[in-house]
Amino acid sequence: MSAFAAATLMAAMSLVTAAPAVAAGDTAPACIARDVIKQEKRAWTTNNCGRRMHIQLVVKNGPDGRCWSTSPGERLEWKWGMGSYGRIALC
């Protein structure tokens with residue numbers, strides 16, 4: 001690989017990694033039931049809201065989960081590798 005190609009690749013990689021994360025919204029309402037096992041870095045949510053909701057896992061000192069659309073009655077499982085459970089947020 002030429003020096004120019006290597007420099008271009010490094011510049012492109014820095015742009016990708018420097019992109020800011022999308023900020024989570026308000027904390028999800030209580031109709032989104034949560035079960036969390038912090039030691040196992042796992043959580044489950046159940047949509048008891050009666051309508052489709054858009055939610056995401058917010059992790060303290062780690063990357064947040066992506067935004068998921070969940071239907072009434074649907075149960076989702078969340079897992080994370082770094083950080084600790086923060087909250088379930090609207091997105």
Side-chain angles (χ1 to χ4, degrees):
M1 178 182 292
S2 72
F4 177 76
T8 302
L9 178 61
M10 292 297 285
M13 288 174 51
S14 68
L15 288 175
V16 170
T17 57
V22 175
D26 293 335
T27 298
C31 59
I32 299 290
R34 302 139 169 98
D35 296 308
V36 181
I37 302 176
K38 291 182 179 182
Q39 305 89 308
E40 294 181 15
K41 298 184 184 285
R42 292 174 64 183
W44 296 265
T45 57
T46 304
N47 179 354
N48 297 320
C49 297
R51 63 183 176 94
R52 182 173 291 278
M53 300 293 287
H54 301 281
I55 58 175
Q56 78 181 100
L57 171 71
V58 176
V59 178
K60 294 178 189 173
N61 301 315
D64 293 343
R66 63 174 270 215
C67 185
W68 287 94
S69 179
T70 179
S71 299
E74 185 175 9
R75 186 167 170 88
L76 299 175
E77 181 175 4
W78 307 80
K79 296 179 184 180
W80 63 97
M82 294 178 18
S84 60
Y85 175 83
R87 63 190 174 103
I88 300 295
L90 297 174
C91 54

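Being a predicted model, the structure only gives us computed values, none of them experimental.
- Listed for the Gln56 side chain is no donor-acceptor partner under 3.5 Å among the backbone atoms of Cys91.
- In this structure, Glu77 CD and Leu57 CG are separated by 11.5 Å, a value rounded to the nearest 0.5 Å.
- Annotation: side chain of Arg87 is not in contact with side chain of Val59 (no heavy-atom distance under 4.5 Å).
- Taking the side chain as every heavy atom from C-beta outward, Met82 and Pro63 approach each other to under 4.5 Å.
- In this structure, NZ in Lys79 is found 14.0 Å from NZ in Lys41, a value given to the nearest 0.5 Å.
- Ring geometry for Tyr85 against Trp80 counts as tilted: the plane angle lies between 30° and 60°, on a 0 to 90° scale.
- Partners of Arg34 by salt bridge (charged side-chain N to carboxylate O under 4.0 Å, His left out), not counting sequence neighbours: none found.
- With contacts defined as side-chain heavy-atom distances shorter than 4.5 Å, the pair Ile55/Cys67 does not qualify.
- Atoms CD and SG, on Glu74 and Cys49 in that order, are 12.0 Å from each other to the nearest 0.5 Å.
- Here the side chains of Asn48 and Pro72 are not in contact, with every heavy-atom distance at 4.5 Å or above.
- Put simply, the side chain of Asn47 gets close to the backbone of Thr70: a donor and an acceptor are under 3.5 Å apart.
- Each of Ile32, Val36, Thr27 was compared with Ile88 under the side-chain contact (heavy atoms from CB on, under 4.5 Å) criterion, and only Ile32 meets it.
- Note that NE2 of His54 and CG of Leu90 are 10.0 Å apart. Values are rounded to the nearest 0.5 Å.
- Atom-to-atom distance recorded for Ile37:CD1 and Arg42:CZ is 6.0 Å, nearest 0.5 angstrom.
- Between the CH2 atom of Trp44 and the CG atom of Leu76 there is a distance of 12.5 Å, given to the nearest 0.5 Å.
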